[in-house]
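Residue numbering restarts at 1 for every chain, and letters A, B, ... go by the order of the sequence lines. In this text, all values refer to a predicted model and were calculated from it rather than measured experimentally.
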Amino acid sequence: MKELNKQQIIWQVIASIPKGKVCSYGQVASLAGLANHARYVGSTLKKLPSGTQLPWHRVVNAKGELSFPPNSPAYQEQKKRLETEGICFIKEKIALATYAWKP
DNA sequence: ACGTTGACCTTCG
DNA sequence: TCGAAGGCCAACG
């Protein structure tokens, strides 16, 4: 098939994340072929369509926390979704064992 | 076509 | 151990 766009690749990588697991932007970027382009991953996800079914909530920063401010509705919503997925939250942060280093 | 921004990561102090 | 600064690429205005 033709070369997928950067966004498409990122979508595939995020979609490859197993349920109950999360992945950091750097890891997603690496799997997407963008080794040091974690920023681009976030920017791309932000521009995602509202109807996207991508588990973008499984993508977190290297600090093991969500990239949104704690007072942001998206933060609470994402956290709630992760809990539903079975993610273990520790002090507003995600357990290291919850990271899916493998697609 | 250029400049600025960005849901970040890594390293130095 | 914690805090701050720099740097990578791509897309938007």
Would you check if the side chain of A:Lys21 reaches a backbone N or O of A:Ala97 as a donor-acceptor pair within less than 3.5 Å?
yes

Would you find a donor on one side and an acceptor on the other, under 3.5 Å apart, between the side chain of A:Thr52 and the backbone of A:Pro49?
no

How long is the line joining [atom1] of [X] and [atom2] of [N], in whole Å?
X       : N     : atom1 : atom2 : answer
A:Leu82 : B:dA7 : CG    : P     : 18 Å
A:Glu77 : B:dA7 : CD    : C1'   : 14 Å
A:Ile9  : C:dC9 : CD1   : C1'   : 14 Å
A:Leu45 : B:dG6 : CG    : P     : 16 Å
A:Tyr40 : B:dT4 : OH    : P     : 21 Å
A:Trp56 : B:dA7 : CH2   : P     : 12 Å
A:Lys6  : C:dC8 : NZ    : C1'   : 14 Å
A:Leu48 : B:dA7 : CG    : P     : 12 Å

Whether A:Lys79 engages the ring of A:Phe89 as a cation-pi pair (distance to the six-membered ring centre under 6.0 angstrom, angle to the ring normal within 45°) should be assessed.
yes

At under 4.0 Å between heavy atoms, how does the protein contact nucleotides 8-13 of chain B? Give one character per nucleotide, 5' to 3', with B, S or -.
BS----

Could you list the residues that satisfy salt bridge (Lys or Arg N to Asp or Glu O under 4.0 Å) with A:Glu77, not counting sequence neighbours?
A:Arg81

To the nearest 0.5 Å, how far apart are OG in A:Ser67 and CH2 in A:Trp56?
9.5 Å

Which pairs, with at least one residue in residues 46-75 of chain A and sequence neighbours excluded, count as a salt bridge (Lys or Arg N to Asp or Glu O under 4.0 Å)?
A:Arg58-A:Glu85

